[in-house]
Amino acid sequence: MPAGASPWVVAPAPSAVEIVVYDPRWPEQANALRDRITDALGTRAIRVEHVGSTSVPGLAAKPVIDLDLTVADPADERVWLPRLQAMGFVLTVREPWWHEHRLLQAGETAERLADVSPLSGLTVNLHVFGPDSPELVKHVVFRNWLRTNAADRRLYEAVKRKAAKHPGQLVMDYNARKQTVIFEIYQRAFKAAGFLE
C-alpha cells in the first residue's frame, strides 16, 4: 500500500468474529447470488466463483459468502459498479495498487438482496478483480485443496477457531492471525496443483 493511502471507502468497525458449523445451504446461496450478479452485469461478468471457507463442504466458517467476480477492468467502475449498487452492494474497499481489487459487501440491511429466498439475512463479500489477477487462481487452488485434503481442512478450521477468540477485533486482525497457517497450506496446495516443485 502506498504511504498515506487507505483502502477503505467505508471503514470497518471492530466486532466479534463468529465461526459456525458448515451450513449445506451455502452453495445454494452462492449459486443464487452468482445468478443474480450475472443477470445484473450480463457479459460484463466474465466469471463469478464461490471461494472462501463457505465453499468448502464440512469446513466451519464465518457465515459470510465470499465470491470472486472477474471483470475486464475493475478500475472502470462506471461499467460494473452501479449495477451492483442497485442490487444492494456497497463498495467498501478500493485497492488500485493491489491488482485493482475492489470489495463490495452486502448484509441483512441490503433489502434488494434480501427480498428473494434463499438470500434473506445473508452476508456477502464480493471481491472484484481483473482477469490477469493471480488472486483469482490462488483462491481456487486453496479452495480445491481444502475440499480434497482432510488434514489441512482440520488444521485450517482449528486456526480459524483460535483466531476468532478475540472479541472486538477487526476482521483484518482475525485474518492476520491465520496467515502463517494459510501460507503453509498454500505451499502444499500450489505444489499439488503444479505451481511449485
Side-chain angles (χ1 to χ4, degrees), residues 1 7-8 10-34 48-69 89-90 92-93 95 98-99 101-108 110 118-119 121-129 133-193 195-196:
M1 178 176 5
W8 299 109
V10 178
S15 63
V17 174
E18 178 188 20
I19 303 296
V20 300
V21 297
Y22 177 79
D23 187 334
R25 296 174 301 171
W26 287 337
E28 176 190 0
Q29 292 170 329
N31 288 338
L33 279 162
R34 183 193 62 226
V48 183
E49 192 80 38
H50 184 199
V51 295
S53 294
T54 60
S55 69
V56 180
L59 180 62
K62 300 190 309 296
V64 177
I65 301 292
D66 282 287
L67 298 171
D68 278 351
L69 166 63
F89 282 102
V90 175
T92 59
V93 170
E95 297 178 289
W98 188 61
H99 312 295
H101 173 243
R102 306 301 195 264
L103 172 64
L104 289 82
Q105 294 181 309
E108 294 181 13
L119 305 181
L122 189 61
T123 301
V124 184
N125 287 336
L126 180 61
H127 299 271
V128 183
F129 291 103
S133 171
E135 294 303 307
L136 296 167
V137 174
K138 284 171 62 178
H139 294 169
V140 169
V141 168
F142 189 67
R143 177 199 68 192
N144 291 352
W145 177 254
L146 289 177
R147 284 178 174 176
T148 60
N149 190 286
D152 274 346
R153 197 164 52 245
R154 287 190 299 270
L155 173 64
Y156 189 45
E157 180 170 324
V159 78
K160 283 154 58 78
R161 290 189 180 281
K162 183 177 179 182
K165 293 181 179 179
H166 296 267
Q169 66 181 330
L170 294 174
V171 171
M172 57 194 290
D173 299 323
Y174 162 78
N175 289 338
R177 291 186 178 95
K178 302 185 300 177
Q179 284 299 335
T180 300
V181 168
I182 287 174
F183 289 140
E184 289 175 10
I185 297 173
Y186 272 165
Q187 290 293 316
R188 292 187 283 276
F190 294 157
K191 185 173 183 179
F195 288 100
L196 300 173

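Just so it is clear, the values below take in all heavy atoms, side chains as well, and ignore hydrogens, waters and symmetry mates.
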From [atom1] ([X]) to [atom2] ([Y]), nearest 0.5 Å:
| X | Y | atom1 | atom2 | result |
| --- | --- | --- | --- | --- |
| His139 | Asn144 | NE2 | CG | 13.0 Å |
| Thr92 | Leu104 | OG1 | CG | 6.5 Å |
| Thr123 | Glu18 | OG1 | CD | 10.0 Å |
| Ile182 | Asp152 | CD1 | CG | 11.5 Å |
| Arg34 | Leu67 | CZ | CG | 9.0 Å |
| Ile19 | Lys160 | CD1 | NZ | 4.5 Å |

Whether Trp26 and Tyr22 hold their rings parallel, tilted or perpendicular, with breakpoints at 30° and 60°: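 If you compare the ring of Trp26 with that of Tyr22, the planes turn out perpendicular.
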With the side chain counted from C-beta on, respond yes when [X] and [Y] share a heavy-atom pair under 4.5 Å apart, and no when they do not.
| X | Y | result |
| --- | --- | --- |
| His101 | Val128 | no |
| Ser53 | Glu157 | no |
| Phe129 | Leu69 | no |
| Leu136 | Glu49 | no |
| His127 | Glu135 | no |
| Tyr156 | Trp145 | no |
| Asn175 | Val171 | yes |
| Val64 | Thr54 | no |

Measure across [X] and [Y] and return the closest heavy-atom pair with its distance rounded to 0.1 Å.
| X | Y | value |
| --- | --- | --- |
| Ala30 | Ile65 | CB-CG2, 4.0 Å |
| Pro7 | Glu95 | CB-CG, 3.5 Å |
| Arg177 | Ala163 | CB-CB, 3.7 Å |
| Arg153 | Leu146 | NH1-O, 2.6 Å |

Test item: Arg147 side-chain N/O and Val56 main-chain N/O as donor-acceptor pair under 3.5 Å: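 The answer is no, because no donor-acceptor pair under 3.5 Å joins these two groups.
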Evaluation steps, side-chain contact (heavy atoms from CB on, under 4.5 Å), between Phe89 and Val124: CA-CA 9 Å; Phe89 282 102; Val124 184; 3.8 Å; yes
Test log, rule side-chain contact (heavy atoms from CB on, under 4.5 Å), inputs Val90 and Gln105: CA-CA 5 Å; Val90 175; Gln105 294 181 309; 5.6 Å; no
Phe190/Lys138 under side-chain contact (heavy atoms from CB on, under 4.5 Å): CA gap, chis, key distance, verdict: CA-CA 8 Å; Phe190 294 157; Lys138 284 171 62 178; 3.7 Å; yes
Stepwise side-chain contact (heavy atoms from CB on, under 4.5 Å) check, Asn149 with Arg188: CA-CA 10 Å; Asn149 190 286; Arg188 292 187 283 276; over 6 Å; no
